[in-house]
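For reference, the structure discussed in these notes is given below.
It should be emphasised that the depicted structure is a prediction, and the values quoted were computed from it without experimental measurement. Residue numbers start from 1 in every chain, and the chains themselves are labelled A, B, ... in the order their sequence lines are given, proteins ahead of strands.
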Amino acid sequence: MLGLTKKDGTLFIAVVLLTVLAPFILNPFPENSAMAQFNAGYPDLMQRFVIFGIFAMGFNILFGLTGYLSFGHAAFLGVGSYATVWMYKLLSYNVLPGLVLAIIVSGLFALLIGYISLRRSGIYFSILTLAFAEMSYRIAFSDLLGRFVGTTITNGETGLQVYSNDPQILLGQNGIEATHFFGFEMGASRILEMAGWSFTFNFGFYFCAVIFMAMFYMTIRIFRSPFGLMLRSVKSNQQRMNYTGVNSKPYTLAAFVISGMYAGLAGGLLAAMDPLAGGERMFWTESGAVVLMTILGGAGTLLGPILGAGFIKYFENIFSKINDNVLHSWFAFLPDGMENFMVTIIHPFVGKGWHLTLGVLFMLIVIFLPGGLVEGGQRIGRLFGRKKSEAEPKPGAIKPAE
Amino acid sequence: MDAIFLQILNGLDKGSAYALIALGLTLIFGTLGVVNFAHGALFMIGAFCAVTLQRILTLSTEIIDETKTDFLGNPLKVKTPYVETWFGPEVGQSIIDWSVPLALIIAVPVMLFVGVAMERGLVKHFYKRPHADQILVTFGLAIVLQEIIKYYFGANPIQTPAPEALVGSFDFGVLLGMDPNVVIYPIWRLVYFIFAIVIICAVFGFLQFTTFGMVVRAGMADRETVGLLGIDIDKRFTAMFGIAAIVAGLAGVMYGPILAPNYHMGMDFLVLSFVVVVVGGMGSLPGAVAAGFLLGILQSFASMNQIKAFVPGIDQIIIYLIAIVVLLTRPRGLLGRKGVMEE
């Protein structure tokens, strides 16, 4: 089907189904129940799931296949956002030109950075990309580029946004004043009430989801192509590859540019959901986050980065909301002393301290499970004696991360 | 002339911090071959040693003094730190005043413990794994350490003032026969610079003039042969990890009065220190120190108004620009050795 093998086809269909049905799957608890805070089916978070899924997928093409660990991928995310917002400022709120420009600009930017950084490998490559990203962050954050040419380009700390005196030549007399795709507004939602449950269907989410699925299909094709095989051989033994007379540089550079374009697209989508672009999107913590996502899910696998992205975004938004009151209500069935004890123990790991949980989890994964969640799923699968396919998720243990 | 002189001085304190962190990073890399992303966290833990000591010293008893009242007319609570009750008010006050230098004493065993625990408990298991894994696991550790500190000390910077006697500035110009009040420099930054020089000399002296250091240098050059000679090189490398941790920790303690410690200061410095290490040459100790000072000074030159008027914002990005240029023209760094981290 679609040029995919049977296994990949099944995986693709599974991901498509999970994505399309995400508003249902991510809202498993009735609205007024105590568990309702674990519902992730609200538009903002669902959009983030797919957008960062794209970001991590792109990073995986570089890191998972070639083994080059880039610590500066957030730069492309930021460039994509800026490009998209500029299209709003110049043309109109239609997201299409913005996204196209985001992909082009981030691709060119990746070509420049990649061409220089890929002259070195290993730790030097990581540090070079980190240096480039930090530099881009500084440039964006204090609008150096703008000061150079005498106009504003990144608008410094305020972040780039659309003002009423911008040209917006395609906006017309009564143009839509919110991001839209040929008239369909990104913010538009339909809410379906069903016996206590409430499901939100948001156009923005489905717009991102369609792009996400297309990107996922493309990723599968890249993984299975001769080009993907070349990239894998760069990872396993670059020296031997060079000895056989293959110049690996064009391949790694292409991988770098492709993954930069994925990141640019993700950045553009972020700006499509919310017409803002700020320098903090280029900060190294963002680059670190995408590394975390990919490793957590499983680098080099198809599903891993998506799982990781979903997992981290879920934690970031849901785990961080658990406060002491919630904890007390959970352990209310215990005797008072025990209740307070449990709350004291768990307290540092939830709410504001969710980063701690993330750090500990990440370390455990790197130490014991280098293949990430996907490998964990496979191990559990093997434990039960069933033959698991390469990239099947842990059954039922993790929320679908679309 | 005086402006140039002033900028060199200004660059020294940041350069000292870069040099110290980069020195530790290089020690770990040169001996164990591990890229330690948690090194910034060690710098931060050092700074928080000073914060902790300051908190312990200012633990106080509260007495309600009926004779004094606050502005609402309520009796005023008077806090007396325990050290003042024990040693008398004057000695007690000066102990509190000197808490940052005193913290150096407690920082040494604490950092040694943290460093050795880190090497034995975690990093040891990663020698055989790829560099990417080492980066990732130490990156995870850095997040964890950072969050633990944030949990106990909060997210806001905590002031750790320098001793009263070392606050204020020093008129350098007069010393060199210039007009007074032209080249003024804060005393504490001068102290920091001298401190950094002392530490750097101590580390180099230790490596150069002791038997232990000689063995370590031999191990850096050829680990296998040293092992074949019947020397337990692993133990010595663990000790070097501890020493690197101490260097980073002490650098952090003393940096408190310059920049109030907060939980993410380590990472801010780490990114720059990596650049410093790479510019200096991976695995080269003199390279790390030289590049640290060089970049610190260049950064302060770039923040001069005359230069900023010429190229706006150059101060923000000069370090990265230099790193990129150096890496592309001299891939081994300024003083890098042959055969270290070359693919």
Contact part of [X] toward chain A, heavy-atom cut-off under 4.5 Å: side chain, backbone, both or neither?
X	result
Leu145(B)	neither
Ile135(B)	side chain
Tyr152(B)	neither

When the 4.5 angstrom heavy-atom criterion is applied to Leu356(A) and chain B, the contacting part is both
Contact origin within Tyr68(A) toward chain B - heavy atom pairs under 4.5 Å =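 The answer is neither part of Tyr68(A).
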Tyr115(A) and Phe256(A), any side-chain heavy atoms less than 4.5 Å apart = no
Using modelled atom types only, decide if a donor and an acceptor are shared between the side chain of [X] and the backbone of [Y] within a distance under 3.5 Å.
X	Y	answer
Ser303(B)	Ser300(B)	yes
Asp133(B)	Phe126(B)	no
Arg129(B)	Ile367(A)	yes
Lys235(A)	Gly64(A)	yes

Are the aromatic ring centres of Phe274(B) and Phe37(B) under 6.0 angstrom apart?
->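 Yes, ring centres under 6.0 Å apart.
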Between Phe55(A) and Phe59(A), does the ring centroid distance fall short of 6.0 Å?
->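 Not close enough - the centres of the two rings lie 6.0 Å or further apart.
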Closest heavy-atom pair and its distance - Tyr255(B), Asp13(B) = CE1-O, 4.1 Å
Close approach to chain B in residues 278-295 of chain A, criterion heavy atom under 4.5 Å =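 So far as heavy atoms go, Trp284(A), Gly288(A), Val291(A), Leu292(A), Ile295(A) are the residues that approach chain B to under 4.5 Å.
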Taking only heavy atoms into account, what residues of residues 125-138 of chain A are found under 4.5 Å from chain B?
-> Ser126(A), Ile127(A), Leu128(A), Leu130(A), Ala131(A), Phe132(A), Glu134(A), Met135(A), Arg138(A)
Among Val123(B), Thr31(B), Leu27(B), the one residue meeting side chain to side chain contact (heavy atoms under 4.5 Å, CB included) with Phe241(B) = Val123(B)
Flag for Gln146(B)-Tyr151(B): side-chain donor and acceptor within less than 3.5 Å =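 There is no such pair between these side chains.
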Are Ser273(B) and His39(B) linked by a side-chain donor-acceptor pair shorter than 3.5 Å?
->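 The criterion, which ignores hydrogens and geometry beyond distance, is not satisfied for His39(B) and Ser273(B).
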Pick from Phe362(A), Phe63(A), Phe141(A) with the largest number of heavy-atom pairs that fall under 4.5 Å of chain B = Phe362(A)
Spatial distance of atom CE (Met220(B)) from atom CG (Leu32(B)) [nearest 0.5 Å] =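 Going from the CE atom of Met220(B) to the CG atom of Leu32(B) covers 9.5 Å.
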